[in-house]
Amino acid sequence: MPEEKLAKAPKIIQCCPECGGNRLMRDYDVAEIVCMGCGFVVAEKLTDEGPEWCAFDREQMAKRTRVGAPTSPRVHDKGLSTKIGWFYWDIYGKGLSPEQRYQLNRLRKWQHRIRLSDPTERSLAFSLSEISKAADKLNLPKNVRDGASVIVRKAAKGRLIRGRSVAGITAAAIYIECRQAKLSRTLEEIAQASNIDKKDVGRDYRFLVKELGYFIPPPEPAQYVTRLLNQLNVQGTVEEIAHKILIRTKELKLTAGRGPTGIAAAATYIASYLGGDKKTQREIAEMAKVTEVTIRNRYKELVRRLMFVVTL
DNA sequence: AAGACGAAAGTGGTTGA
DNA sequence: TCAACAACTTTCGTCTT
């Protein structure tokens, strides 16, 4: 591509659109540009331009040079197929005539059709784009997206999607990944981000876990507490107390059979009270997505059982 | 007046026959 | 498939700060 065309390439971002900071880091392991100030993902799907081999002389260099981008589980053909570019100039950088443009468009259209002609491929492509959409809404990191993609692939390979909705299986895969990565996303949030009924996602989730033989431990209240405290804008002492409470709660096995969000909310309530930054039950209930009644029941229980144990 | 409390009835999911 | 069950929610009247 000639110089003047190169100049048309997307401009390299210099500062974070979120916080305005200029400490941007390229992380090739997860293929992202991340702001070191606020953690905002500025760009993703980077291609590592460098070679993964070493050459010690010209001969080796010539031998080892080859082309091709790294594969990605997030594209339905793992990014291995050829794609016709979007631009309208030839290899010399000269513009195309209207007829040539028309031809190019037809080529693109047909290539797209051929690439996605197999129904399995098509549903896989759909599913992977859904993962990407939902993951954007939920702010999920790369590894979770990739993991979810792998699960969907496994499901497709094992013919587990037959008779079920692709969207449901996709959402379930995301949920499995979140649970495995110990991310505090509830089934409800994922169902919402994917526009599917919570019940359906739950059903497909249980089905996939069973069929693919996953072992997923129940979520721990501690996973939810950190996010809850962030949403409520409290740190410091309250945070410390909340975690202390949860450690004791776990030791005394008070979590058995109880919803982790309820326990997290109750611990937060107690901690905010003791830490001198009191939040109302309603505030916490709203953030934790449980009712005030549940907070009351849990926190009474915790206070009763922990009173003699915790030295706060 | 806002927040907390608790009783009572209702809901949705799990379990075991 | 169905009933029993525990956890949780909804609702609402009452008490406390």
Check: Is the backbone N or O of Ile131(A) less than 3.5 Å from a side-chain atom of Arg145(A), with the two atoms forming a donor-acceptor pair by type?
Finding: no
Item checked: Closest nucleotide among dA7(C), dA4(B), dG3(B) to the Gln281(A) side chain -> dA4(B)
Item checked: Enclosure of Lys137(A) NZ (heavy-atom neighbours >12, cutoff 6.0 Å) -> yes
Checklist line | Separation of atom CG in Asn297(A) from atom P in dA6(C), rounded to whole Å | finding: 15 Å
Next item on the list: Cation-pi check, Arg164(A) to Phe207(A): give yes when NZ or CZ is under 6.0 Å from the six-membered ring centre and within 45° of the ring axis, no otherwise.
Entry: yes
Next item on the list: May I have the distance from Leu187(A) (atom CG) to dC8(C) (atom C1'), rounded to whole angstrom?
Entry: 15 Å
Notebook entry, point to check: Got a minute to check which stems DNA chain C is part of, using Watson-Crick or G-U wobble pairs under 3.5 Å, three or more consecutive?
Noted result: B:1-11 with C:7-17, B:13-17 with C:1-5
Check: What nucleotide among dC5(B), dC8(C), dG3(B) has an atom nearest to a side-chain atom of Tyr299(A)?
Finding: dC5(B)
Margin query: What is the separation between atom CD on Glu286(A) and atom P on dG3(B), rounded to the nearest whole Å?
Written below: 12 Å
Note to self: Nearest to the side chain of Thr291(A), heavy atoms from C-beta on, is which of dA7(C), dT10(C), dA4(B)?
What the structure shows: dT10(C)
Notebook entry, point to check: In terms of side-chain geometry, is the basic nitrogen of Arg227(A) or Glu189(A) positioned less than 4.0 Å from the acidic oxygen of its partner?
Noted result: yes
Margin query: Between Glu286(A) and Glu283(A) (side chain of the first, backbone of the second, donor and acceptor by atom type, cut-off under 3.5 Å), is there such a pair?
Written below: no
Next item on the list: Check the distance between dA6(C)'s C1' and Arg258(A)'s CZ and give it to me in whole angstrom.
Entry: 8 Å
Next item on the list: Mind checking Tyr269(A) for me? I need base, sugar-phosphate or nothing, with any heavy atom below 4.0 Å counting as a touch.
Entry: sugar-phosphate
Next item on the list: Please determine if Glu301(A) and Arg258(A) form a salt bridge, counting it only when a charged side-chain N lies under 4.0 Å from a carboxylate O.
Entry: yes
Note to self: One pair to check against salt bridge (charged side-chain N to carboxylate O under 4.0 Å, His left out): Asp200(A) and Arg203(A). What are the steps and the verdict?
What the structure shows: CA-CA 5 Å; Asp200(A) 297 331; Arg203(A) 193 180 354 93; 2.6 Å; yes
Next item on the list: State plainly whether the residues Lys289(A) and Glu188(A) are in salt-bridge range, i.e. N to O under 4.0 Å.
Entry: no
Check: Taking side chain as C-beta onward, heavy atoms only, is Tyr269(A) less than 4.5 Å from Arg298(A)?
Finding: no
Next item on the list: Starting at atom CD of Glu292(A), determine the distance to atom P of dT10(C), rounded to an integer number of angstrom.
Entry: 10 Å
Check: Rounded to whole angstrom units, what separation is found between the NZ atom of Lys279(A) and the P atom of dA2(B)?
Finding: 18 Å
Checklist line | Nucleotide-resolved protein contact map, nucleotides 6-17 of chain B, B/S/- at heavy-atom distance under 4.0 Å | finding: B------SS---
